[in-house]
Amino acid sequence: MPLKDQDKFAWGWAEYTDPKSVNNEHIFTAYRIKQNFCKNKQCRRNCRGNPFCLSGVGEARLLDSLNNSCDDANNALPRRTEGSFVGLKNLGATCYVNSLLQLWFHNKAFRDAIFLWNPLEDPVEQRNISLYSDGPFLPQSVVGHLQQLFALMFYSKCRYIDPSPFVESLRLDTSTQQDAQEFSKLFISLLESTLKHQSLKNVKNLVTDNFRGEYKYVTRCCKCLTESVSPSMFYELELNVKGHNTLTECLAEFLQVERLEGADCYSCPVCQVKQEACRFIKLCSLPPVLNLQLLRFVFDREKGQRKKLKTVVQFPETLDMKDFVEKATDTDEPLVYNLSAVLIHKGASASSGHFVAYIKDGSTGVWNTFNDESVEKLEGKKLKLDEEDPENPKKPKTQRLPKGCQSSTDAYMLVYTSEKHNPSPMEVKLPHKLQEYVDSQNKIFDEFCEEIASSKKRGQERQEQQWQLYNSLSVDGSDDLSEVEAVSTDWLVSWLDSRTDVLRQIDNTRLVCPHDRLDPCVVTGAKYVSSLAADVLYDHYGGGPRLRMSDAMCEQCVTNNCLILRTKAKILEESKEVTNLLKKRMQVDEPGYFVDKYCLKTWRSRVLSIIEGRQNPASRSNNGATTSANGEVPEPAGEDTAAVLTEPAEMEREAGGPAEDKEGSSSRTDCRWKRNRSIRLARRKPNPTITVPLSEIKDCFVMCHRLQMKLNSSSKIQSNESSLLVQCKQLKIKLRRLAMPNRSSKTLIMSRLRRDSVENKSTVKPCADSQLDVNFDKKSDVESNGEGSQPCDSSEKTSVKLEEEENSKSDDGMAVLSKAFNEGVMCPHGNLSIDEAGRKLVPVRVWEIFKQYFPSAPSFSHDTEPCLQCQHVASKDEVLKQHYYESATNQKKILSDLYSMRNRPQPGRTEDTIFLLHKQHFHQPWSSFLKTATRKDPATVAEPPSTLKVDTLLCV
């Protein structure tokens with residue numbers, strides 16, 4: 001059943017039930033005790049409206065975790081399987097280093113030479129103290145770190161190795177990707193220079209015996225056929241791939257003849273002149289391991305940066321180099337090389353991408369993919385080099401390849417090994433210190449695996465206990481209420497989703513009503529569980545409060561909510577009635593009342609805010625009463641209204657406060673949750689009054705009154721009037737800071753005066769302080785009251801208490817309606833306002849509906865005359881505005897140059913007499929007066945300056 005229907009079923013009885021006749025059946029229905037809307041553990045998702053439904057709170061994830069715990073326990077451990085190779089951890093952008101390290105490690109001759117490297121013969125390690133101590137060996141040289149890395153790659157039990165010590169020894173930036181071909185050249189050169197101090201021949205000549213070949217540059221004169229030969233050594237051949245599709249074409253271009261003509265002619269030493277010549281390369285000898293670099297990364301002269309060539313290149317698995325090497329005189333044997341490794345670069349850019357190595361195992365002939373930490377065996381003979389490119393999802397066009405050939409658009413290095421190259425199949429025994437280092441690392445790894453396994457086992461046991469406890473939580477409406485407890489749904493979800501034993505305490509504070517029982521309005525956020533299972537939860541996690549359903553159901557909250565729902569239904573019906581009455585046009589002689597248009601639109605929300613405020617404990621006063629939109633507890637105007645607005649408070653007073661269990665009261669008082677709740681409620685309580693000592697503000701009231709009397713006694717604008725205005729403004733500011741710290745204090749005083757005037761049914765004129773505070777700068781307002789203004793009442797001897805302002809903020813920080821109901825149609829004098837646009841005449845029935853909810857609202861019938869004082873003030877303002885308009889128009893016409901600051905006379909350049917005026921004290925206020933006074937229908941008019949203020953131009 002949907003949540004909306006479940007709530008309607010739980011509280012549908014409240015709309016037609018008298019709150020005084022609420023019984024146990026109603027209470028059980030509100031708490032959803034006797035209703036099971038779904039069968040437990042058979043729902044696809046959780047039923048929020050049914051507190052007995054425990055499905056969809058996280059048990060599915062817990063069950064899946066239990067089923068997969070055995071498999072996860074084995075897969076989570078990074079243990080190396082038998083017969084597999086280890087990977088290398090990527091430190092950020094070090095995939096190019098990892099691919100080359102895997103390449104060199106799988107070269108058995110290379111690996112054996114590194115294992116046989118003697119640190120005592122290395123100049124760097126000879127100064128290493130750890131080499132001569134009994135402790136572990138801490139290498140300082142690059143070869144020493146490489147030896148330890150190779151040892152771990154061969155004998156480690158872990159699935160992947162961290163190459164950080166080796167990378168740090170080379171001082172590489174792990175966040176920047178370097179050129180892989182350049183790194184290979186530099187490292188081979190560094191290795192050759194470092195190993196020359198070793199005594200073992202296979203270690204000392206590691207680079208030369210495995211990677212070094214020889215070729216010669218030949219320049220032949222076309223006239224005398226004299227050849228100039230320049231021999232050179234190489235460790236790899238760099239082949240151009242642009243415009244070529246096969247490796248044979250790349251090798252042919254590398255060895256092709258180049259013609260030297262014109263300006264490039266060769267200076268022949270025999271002919272003694274420049275002659276045309278031919279230049280080419282001859283391969284003299286090839287190394288056992290032939291590295292072929294495919295130049296895919298070239299410089300783009302148009303863009304000024306490097307780019308990558310995505311040319312498809314075919315290369316054979318078996319390469320015969322006999323046709324490319326210079327033939328010897330005494331032998332004619334084939335030079336056959338087998339493909340042993342392919343290094344590829346995935347990505348379209350030369351500055352970014354990913355490096356992966358495809359290496360063939362020399363002992364088994366099986367190809368493996370080395371992708372950082374991941375190592376996978378390849379099935380079949382095809383390497384699939386260009387598949388699964390993350391930056392190039394488009395699959396290249398497949399083409400038929402000759403038998404025994406491979407192709408790639410990303411391969412940048414091909415490694416061929418000679419068939420005659422057969423290193424010893426026996427593995428080299430590790431030195432003593434190196435073996436100790438490997439054993440210590442494996443021991444640390446074993447301890448780590450044991451810790452992970454024990455943690456997994458503890459987690460599995462805890463999850464099994466959770467599952468058993470979850471199965472014992474379920475109850476139904478037929479169980480005894482003393483064996484049923486309410487627990488927060490949020491906590492249950494977090495408990496089932498938790499993967500550790502550390503979990504916050506059970507927190508049911510959000511479920512507790514102001515009477516320290518289960519709030520019937522938040523039952524959807526709770527689940528009913530067995531008391532036996534709840535005992536286990538509270539013993540293990542603690543928290544509270546415990547809500548046993550036999551004692552936790554709050555009859556008073558159910559009654560209050562019944563009142564609220566019943567009143568809401570009544571408001572809905574009355575809202576429809578008001579809407580229908582307002583649609584009808586009123587007759588000419590039909591009686592009615594004036595209502596503020598804005599209040600007419602918002603009356604329903606005002607009433608609902610009064611009612612819903614009862615559900616918030618912070619909005620209650622000390623005796624449990626709720627304040628209305630008028631800032632007071634409204635008196636009942638009818639039977640239903642009296643029930644809504646008075647009965648909850650009376651019931652609470654009759655009950656003497658919330659009922660408590662005397663035996664458990666001391667324990668609940670000491671609970672942490674109750675202390676925290678008391679602190680939160682204390683912070684929420686609003687301060688209804690602001691106490692200000694009368695002695696500090698009494699003088700300000702008297703002085704303001706005296707100044708106003710001086711202004712009223714002035715029949716004309718005098719020269720000292722502006723100074724009096726300044727003094728009044730200063731006193732007004734002082735008074736605000738002293739007695740009215742809140743922003744809307746003037747609204748407080750005016751609303752208080754208005755309410756007093758309405759209740760006394762007499763017109764009360766505002767006192768001098770309120771008049772000055774409303775609009776002191778307007779001369780019309782000052783003159784309008786004249787001698788009728790009276791000073792503030794000083795009968796209060798000790799303090800003046802300012803009422804809480806009506807536009808104060810609620811607990812959640814949202815501002816409530818700023819004015820009391822229907823105050824918009826009342827003028828400052830307590831009479832009907834002269835503004836006809838802001839009010840509307842409504843039928844008597846509509847006003848009766850409003851009056852029962854807002855009994856203190858001011859009433860103005862259809863025959864009420866607008867305020868005479870306001871009309872008098874408005875007429876004076878119109879006369880004054882007209883006078884200002886005529887005066888400003890004439891001045892603007894006569895003194896147009898002065899107004900626009902044009903054609904100003906300059907001293908010494910005119911014979912007329914020049915007068916000086918102060919720009920800030922005269923010209924700016926005078927210009928403002930002309931600008932505002934000459935507008936059409938100005939709302940406010942700036943007063944003209946009273947004097948020229950030329951005395952400020954005089955020096956002291």
Whether Phe448 and Phe445 hold their rings parallel, tilted or perpendicular, with breakpoints at 30° and 60°: tilted

Plane angle bin for Phe297 and Tyr412 - parallel if under 30°, tilted between 30 and 60°, otherwise perpendicular: tilted

Test log, rule side-chain contact (heavy atoms from CB on, under 4.5 Å), inputs Phe183 and Leu172: CA-CA 10 Å; Phe183 173 76; Leu172 296 176; 4.0 Å; yes

Would you find more than 12 non-hydrogen atoms of other residues, nucleotides or ligands less than 6.0 Å from [X] atom [atom1]?
X	atom1	result
Lys204	NZ	no
Glu379	CD	no
Phe110	CZ	yes
Leu120	CG	yes
Gln178	CD	yes

Got [X] and [Y] here, is their nearest side-chain heavy-atom distance under 4.5 Å?
X	Y	value
Phe85	Asp361	yes
Gln406	Glu317	yes
Val298	Lys242	no
Leu91	Ser164	yes
Leu295	Leu239	no
Ile161	Ser156	yes
Leu339	Trp367	yes
Phe370	Leu101	no

[X] side chain to [Y] backbone, donor-acceptor under 3.5 Å:
X	Y	value
Glu125	Gln140	yes
Tyr235	Ser184	no
Gln293	Met413	no
Ser99	Tyr96	yes
Asn98	Asp372	no
Gln102	Val86	yes
Asn128	Leu138	yes
His345	Ser352	yes
His106	Lys360	no
Trp117	Gln198	no

Rounded distance (nearest 0.5 Å) linking atom [atom1] of [X] with atom [atom2] of [Y]:
X	Y	atom1	atom2	value
Arg504	Trp495	CZ	CH2	13.5 Å
Leu237	Met321	CG	CE	6.5 Å
Asn291	Leu103	CG	CG	6.5 Å

Residues Thr369 and Asn371: side-chain donor-acceptor under 3.5 angstrom: no

Polar contact flag, side-chain donor to acceptor under 3.5 angstrom, Asp439-Gln435: yes

Does this structure show an ion pair linking [X] with [Y], if we count only N-O contacts that are shorter than 4.0 Å?
X	Y	value
Arg296	Asp410	no
Lys443	Glu436	no
Arg127	Asp122	no

Looking at [X] and [Y], what are the two nearest heavy atoms and their distance?
X	Y	result
Ser454	Glu451	OG-O, 2.8 Å
Lys310	Gly347	NZ-O, 4.1 Å
Cys158	Arg80	O-CB, 3.5 Å
Leu54	Tyr470	O-OH, 2.6 Å
His244	Cys250	CB-SG, 3.8 Å
Leu319	Pro316	CD1-CG, 4.1 Å

side-chain contact (heavy atoms from CB on, under 4.5 Å) evaluation trace for Tyr155 with Leu434: CA-CA 11 Å; Tyr155 294 102; Leu434 187 59; over 6 Å; no

Ring centre gap for Phe105 and Phe150 strictly below 6.0 Å: yes

Check: Tyr437 ring centroid to Phe137 ring centroid under 6.0 Å: no

Verdict with supporting geometry, Leu206 and Leu191, side-chain contact (heavy atoms from CB on, under 4.5 Å): CA-CA 9 Å; Leu206 169 63; Leu191 197 63; 4.1 Å; yes

Side chain to side chain donor-acceptor pair (under 3.5 Å) between Trp491 and Tyr541, intermediate numbers included: CA-CA 11 Å; Trp491 188 88; Tyr541 298 103; over 6 Å; no

Derivation of the side-chain contact (heavy atoms from CB on, under 4.5 Å) call for Val342 and Phe315: CA-CA 10 Å; Val342 180; Phe315 47 91; 4.1 Å; yes

Intermediate values then yes/no, salt bridge (charged side-chain N to carboxylate O under 4.0 Å, His left out), Lys457 and Glu450: CA-CA 10 Å; Lys457 185 177 181 180; Glu450 291 177 1; over 6 Å; no

